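Not measured: the values here are computed from a predicted model.
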Amino acid sequence: MMARIAGLFWLAAALVFAQKQPFTVQALMEVKRISDPQLSPDGVSVAFTVETVDLEKNLRARNIYVVPVRGGEPRRITWAGTANYRPRWSPDARRIAFVSNRSGSAQIWIMDADGGNPKQVTDLATEAAGVLFSPDGDTLIFTSEVYPDCPDEACNRARLEAERASPVKARIYEALLYRHWDTWKTARRRHILAVSLTSGRVRDLTPGELDVPPFSLGGPDDYAISPDGKELCYVAKPDPNPATHTNTELFVVPIEGGAPVRLTQAPGADNSPLYSPDGNYLAWRSQMRAGYESDRWRLMLIKRKAPQPAAPGVVQETRPEWDTEMVTILTDALDRPVTSFTWAPDSSRLFFTTEDRGRSAIHMIAVTGGAARVVASGSSTLGDQQLTRDGKTMIYTAQSGSRPVEIYAASSAGGSPVELTRMNAELLERYQLTPFEEFRVEGAQQTPVYSFLVKPANFRPDQRYPALFLIHGGPQSAWTESWHYRWNAQVFAGAGYVVVLPNPRGSTGYGQRFTDEINADWGGKVYEDIMAVVDHVARLPYVDADRLAAAGGSFGGYMVNWMMGRTQRFRAFVSHAGVFDLPSKTLETEELWFPLWEFQGMPWDNPELYRKWSPSQYVKDMFTPTLVIHGELDFRVPYGQGLQLFTALQMQGVPSKLLLFPDEGHWILKPRNSILWYETFLDWIDRWTKKAR
């Protein structure tokens, strides 16, 4: 009887799903991508960026929208150009500063809150980004890549034009980090500049040879203005050899100019500074271990020193200095990384997000310390939290593995959140979107290992499906309840696969020890963890254990290459931007702190460790058909790694295919390239898992 009821249930569910289409890469291209919500100072509206795919122009257009906090339809307020983003409100909430390419290059613009009366603020040959409004409403702070020895715009423009006109395009270097991600380093440096809306005068606030990092996405920027508008705090790498270490420090400098003062001395990275609304505190995120980019991010706090009493009748002209001897670690007891944070309007609390077992919740902690309290959570990833001036309303973004980002508002008094945007509701109603299901297995050393599973479109429990295992990059990263564009599980499920997303050793959000246990052990416990997940999934009644495939990018590509020489359980592999030969990759990559930490030195310092974990040492044991994908502009894992792998497989007679993108880096970002990536990927694994051997 129970079996009959269960069968009827699945039949009813199948009928409901049959009315919807399987999710495809073409559907993925239709998704409106929401980011960077900014609550207006008066708490009335939220400005945000929406990215849409234009297949004809092969680009992702960005435009700014606003939506009322108390509900209403989002309204688009930018129309010119193909890139309008980074909306930032003026203190009186009447204007919005933003970045736009509508005049032919990326410049700072300003418009009324309804999108009217747009005016160009900058016209720099070196372009502009990362705009912030000063508290007085007259000054805009932004970044630009300038020639550090140029005193003004005329010099920068002349130098840039001469550089572009020169028939000689050779590059000359005398130090490391001469290229990064997908860009070669030039003579220019990224500086923070200020422009007055009244006079138009531009000032360089960080002159010299140091670069400031690009502004962060999805969290606080790497620079901030004090509430009184007199001080700028920013992040920089003071060491002359930035390729070999992760150490960044916080500096403060007067807005009107002057010598910078260094605030931090931690051996690891310090970033995301943010002043409290009353100006008495400065919070930031910090890592304690030098050279380790995946150390736990802690929330830090310092306070200004108590002001010295002024003599009778004397006006205090200077603000108190920061008490750098009294640094508080607010989240030291929390064994999870802090990913973003913001201040409460009364400066008494901070609201921050952490990654925990594939989800991200919003927590609150007092500046005086104590236990943190969860204020918003769910089977989702929350972020971008901001509070109205009265502290009664919080806006934030939420997403999951089956739902793209939308913006929400919630009352601090409790109650259900209100969905401010539903920009993809109509689209998603047409497609099957399968929720992530979490499961647990015992991995290496009987350690719990968690994974997500996504059932295929038109799923029936009485059928058996091929399974696709996706190995995440990093290696210190994780699959989370979030919407992915480059590795979208719904597209693979829509193609008829049981999709499995394991979080083995090295994954974040499961405690720092779990993350650290991949260090110098790339093919050890992490491989055992993944194979324990494979064993579990292969025993599921709806999975065909003889039709398994695995794919991954970056470290995930490395792990696919490693598995290739270790097991014959898979019918097909896809290796995207994967490390194949560790010694040669180390000598070609740019961020050298990574191999220095992971393999305890350079290849000549620790040759046995490099050889032990290098997939290139095990080519003769590779037999599985493999698709190799790489971008020729990839400087993180240079594309020679993909060429080496493909050559080795061809010479061994292993069925293999090479897909190269000459105009892409570590990630495949152009819309039509992305479609080709998905189509080639699915065609390859379909060939080997959906046909009899």
Side-chain angles (χ1 to χ4, degrees), residues 38-43 88-91 93 132-137 139 141 215-216 219-235 249-255 261-264 266 270-286 297-307 316 318-332 334 338-354 362-373 375 383-396 412:
Q38 296 295 316
L39 180 64
S40 62
D42 59 9
R88 291 300 184 269
W89 294 91
S90 63
L132 288 177
F133 247 111
S134 68
D136 64 8
T139 302
I141 306 298
F215 56 90
S216 304
D221 295 331
D222 280 330
Y223 47 91
I225 310 170
S226 62
D228 62 9
K230 296 180 179 179
E231 182 179 83
L232 175 78
C233 182
Y234 65 94
V235 176
E249 303 290 359
L250 301 187
F251 295 81
V252 291
V253 66
I255 288 288
V261 175
R262 180 169 168 171
L263 291 185
T264 55
D270 295 285
N271 73 10
S272 313
L274 195 60
Y275 290 88
S276 62
D278 64 10
N280 290 326
Y281 296 95
L282 183 70
W284 73 98
R285 299 188 306 142
S286 182
W297 287 104
R298 296 163 168 87
L299 186 56
M300 315 292 285
L301 190 72
I302 59 172
K303 189 177 181 180
R304 290 196 187 275
K305 294 179 179 179
Q316 194 82 7
T318 60
R319 289 171 302 118
E321 296 178 352
W322 293 105
D323 190 355
T324 55
E325 300 299 319
M326 294 293 291
V327 176
T328 302
I329 308 175
L330 289 176
T331 59
D332 202 33
L334 184 64
V338 173
T339 51
S340 69
F341 69 93
T342 193
W343 281 94
D346 64 359
S347 302
S348 67
R349 298 158 294 160
L350 291 117
F351 290 75
F352 64 94
T353 55
T354 61
I362 300 174
H363 302 249
M364 180 188 70
I365 193 168
V367 295
T368 53
R373 179 169 67 86
V375 297
D384 300 298
Q385 62 279 4
Q386 297 157 57
L387 287 94
T388 54
R389 282 178 177 171
D390 60 9
K392 293 181 179 180
T393 303
M394 178 173 69
I395 68 115
Y396 59 92
S412 58

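The distance from the CD1 atom of Ile225 to the CG atom of Leu274 is 11.0 Å, given to the nearest 0.5 Å. A distance of 12.0 Å separates NZ of Lys230 from CD1 of Ile255, quoted to the nearest 0.5 Å. Going from atom CD of Gln386 over to atom CE of Met394 covers 10.5 Å, rounded to the nearest 0.5 Å. Interatomic distance, Trp343 CH2 to Tyr281 OH, rounded to the nearest 0.5 Å: 7.0 Å. Going from atom SG of Cys233 over to atom CG of Leu250 covers 4.5 Å, rounded to the nearest 0.5 Å. With rounding to the nearest 0.5 Å, the separation of CG in Leu301 from CG in Leu350 is 6.5 Å.
For the residue pair Thr353 and Ser340, the shortest heavy atom distance occurs at OG1-OG, 2.7 Å. Heavy atoms only, all atoms of each residue included: Pro277 and Ala344 are closest at CG-O, 3.5 Å. Nearest heavy-atom pair across Trp284 and Pro273 is CB-CA, 4.0 Å. Across every non-hydrogen atom of Ala266 and Glu249, the tightest pair is O-OE2, 3.1 Å. Here the shortest heavy-atom pairing between Ser276 and Ser347 reads CB-OG, 3.7 Å. Considering all non-hydrogen atoms of both residues, Asn280 and Asp278 come closest at N-OD1, 2.9 Å.
No donor-acceptor distance shorter than 3.5 angstrom exists from the side chain of Gln385 to the backbone of Ile362, with no hydrogens or angles considered. Under the 3.5 Å distance criterion, the side-chain polar atoms of Arg389 are left unmatched by any main-chain donor or acceptor of Gly43. Counting only distance, with no hydrogens or angles, the side chain of Ser90 and the backbone of Gly137 share no donor-acceptor pair below 3.5 Å. Side-chain atoms of Asp323 never come within 3.5 Å of backbone atoms of Arg304 as a donor-acceptor pair (strictly under, hydrogens ignored).
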Identify all side-chain donor-acceptor contacts of residues 324-331 below 3.5 Å with residues at least two apart in sequence or on another chain.
unit_1	atom_1	unit_2	atom_2	d
Thr331	OG1	Leu299	N	2.9

Applying side chain to side chain contact (heavy atoms under 4.5 Å, CB included) to Asn271 and Trp297, what does each step give before you reach the verdict? CA-CA 10 Å; Asn271 73 10; Trp297 287 104; 3.5 Å; yes

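With sequence neighbours excluded, the residues that form a side-chain contact (heavy atoms from CB on, under 4.5 Å) with Thr393 are Val69, Thr388, Ala409. Applying the salt bridge (charged side-chain N to carboxylate O under 4.0 Å, His left out) rule to Arg373 yields no partners; only residues at least two apart in sequence or on another chain are considered. For the side-chain contact (heavy atoms from CB on, under 4.5 Å) test, residues two or more places apart in sequence or in another chain that qualify with Ala366 are Thr368. Judged as a ring-ring contact (aromatic ring centres under 6.0 Å, His included), and not counting sequence neighbours, Phe133 has no contacts. In this view, Phe251 and Tyr234 satisfy the ring-ring contact (aromatic ring centres under 6.0 Å, His included) rule, not counting sequence neighbours.
Ring geometry for Trp322 against Tyr275 counts as tilted: the plane angle lies between 30° and 60°, on a 0 to 90° scale.
You'll find the side chain of Asp221 stays beyond 4.5 Å of the side chain of Ser272, heavy atoms only.
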